[in-house]
Amino acid sequence: MNCIFCDIAEEKVPAEIIYRDEHAVAFEDINPKAPVHVLVIPRKHISTVLDINENENQLVGHLFQVANVIARKKGIDEKGFRLVCNCNRDAGQTVFHIHLHLLGGRLMHWPPG
Ligand code: AMP
Ligand code: ZN
């Protein structure tokens, strides 16, 4: 299977990896939309949120914990940040390996575009 985020997780493709553990990897988005724009992914390939199984609940929860740690490390925890997970065409998903966008360092608008 050809998946850029699997390749990044396996370090076959370079990325600015800022966090790694047994189950998750986080790296800088190549086209940042905010001063802080980090992607948090599971090492396991899951194409979209629609493909998350019940036995992956802990893994998905772990992605939020990783985002929590990185938000603190980046110093955006107090002011705040946004976590985004796009699913399929209308949301603009372009990489079909689930990822949390961690966005911060500027005021976020609501509703999102
Ligand atoms: P989405 O539209 O939610 O699927 O977001 C995919 C994100 O992955 C976009 O913000 C891209 O800028 C980012 N992206 C795509 N390829 C890479 C890469 N090789 N390294 C880092 N970020 C990437
Ligand atoms: Zn993948």
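Just so you know, these numbers come straight off a predicted model, no measurement behind them. For ligands, and for the atoms within them, numbers begin at 1 and follow the listed sequence.
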*Heavy-atom pair with the smallest gap, counting every atom of Ala24 and Val66*: CB-CG2, 4.1 Å
*With respect to atom 20 (N) of ligand 1, which of Ile4, Asp29, Ile8 exhibits the smallest heavy-atom separation?*
Ile8
*Examine the proximity of ligand 1 to Phe96 and report which part, side chain or backbone, both or neither, has a heavy atom under 4.0 Å away.*
neither
*At under 4.0 Å between heavy atoms, which part of Lys33 makes contact with ligand 1: side chain, backbone, both or neither?*
neither
*State, yes or no, whether a side-chain contact exists between Phe81 and Leu102 at a heavy-atom distance under 4.5 Å.*
yes
*Provide the atom name of the closest N, O or S atom of His45 relative to the Zn ion (ligand 2).*
ND1
_Test your reading of the model: is there a side-chain donor-acceptor pair from Glu28 to the backbone of Ile30, 3.5 Å cut-off?_
no
*Kindly indicate whether the side chain of Ser47, heavy atoms from C-beta on, has any atom under 4.5 Å from the side chain of Ile98.*
no
*For atom 4 (O) of ligand 1, which protein heavy atom lies nearest, and how many Å away is it?*
Thr94 N, 2.7 Å
*asked:* At less than 4.0 angstrom from any non-hydrogen atom of Asn31, what atoms of ligand 1 do you find?
replied: 12 (O)
*May I ask whether Ala15 has any heavy atom positioned less than 4.0 angstrom from an atom of ligand 1?*
no
*For Ile70, which of Val38, Ile76, Asp77 qualifies under side-chain contact (heavy atoms from CB on, under 4.5 Å)?*
Val38
*With a 6.0 Å cut-off on ring centres, are His97 and His99 close enough?*
no
*Based purely on interatomic distance, does Gln93 place a nitrogen or oxygen under 3.5 Å from a nitrogen or oxygen of ligand 1?*
no
*Any donor and acceptor pair, going by atom type alone, linking the side chain of His37 with main-chain N or O of Lys33 inside 3.5 Å?*
yes
*Got the closest protein heavy atom to atom 2 (O) of ligand 1, with its distance?*
Gly92 O, 2.9 Å
_Any heavy atom of His101 closer to ligand 1 than 4.0 angstrom?_
yes
*Ligand-residue contact atoms, ligand 1 with Asn86, heavy atoms, under 4.0 Å*: 1 (P), 2 (O), 3 (O)
_Any Glu16 heavy atom less than 4.0 Å to ligand 1_ = no
_I want to check something: taking the side chain as every heavy atom from C-beta on, are Leu103 and Met108 in contact at a cut-off of under 4.5 Å?_
yes
*asked:* Please check this pair: side chain of His45 against backbone of Phe5, looking for a donor-acceptor N/O pair closer than 3.5 Å.
replied: no
_I'd like to know whether Arg43 forms a salt bridge (charged side-chain N to carboxylate O under 4.0 Å, His left out) with Glu10, so could you lay out the CA-CA distance, the side-chain angles of the two residues, the decisive distance to 0.1 Å, and finally the verdict._
CA-CA 8 Å; Arg43 287 189 183 274; Glu10 292 164 23; over 6 Å; no
*Taking the Zn ion (ligand 2) as the reference point, name the nearest N/O/S atom of His97.*
ND1
_Can you name the atoms of ligand 1, numbered from 1 with element, that are less than 4.0 Å from a heavy atom of Glu28?_
21 (C)
*What is the nearest protein non-hydrogen atom to atom 21 (C) of ligand 1, stated with its residue, atom name and distance?*
Ile30 N, 3.3 Å
*asked:* Using a plain distance cutoff, I'd like to know if Val95 has any nitrogen or oxygen under 3.5 Å from a nitrogen or oxygen of ligand 1.
replied: yes
*Has ligand 1 got any nitrogen or oxygen that is less than 3.5 angstrom from a nitrogen or oxygen of Leu39?*
no
*For atom 1 (P) of ligand 1, what is the nearest protein heavy atom, given as residue, atom name and distance?*
His99 NE2, 3.2 Å
*asked:* Within the 3.5 Å criterion, strictly below it, is a donor on His62 or His23 matched to an acceptor on the partner's side chain?
replied: no
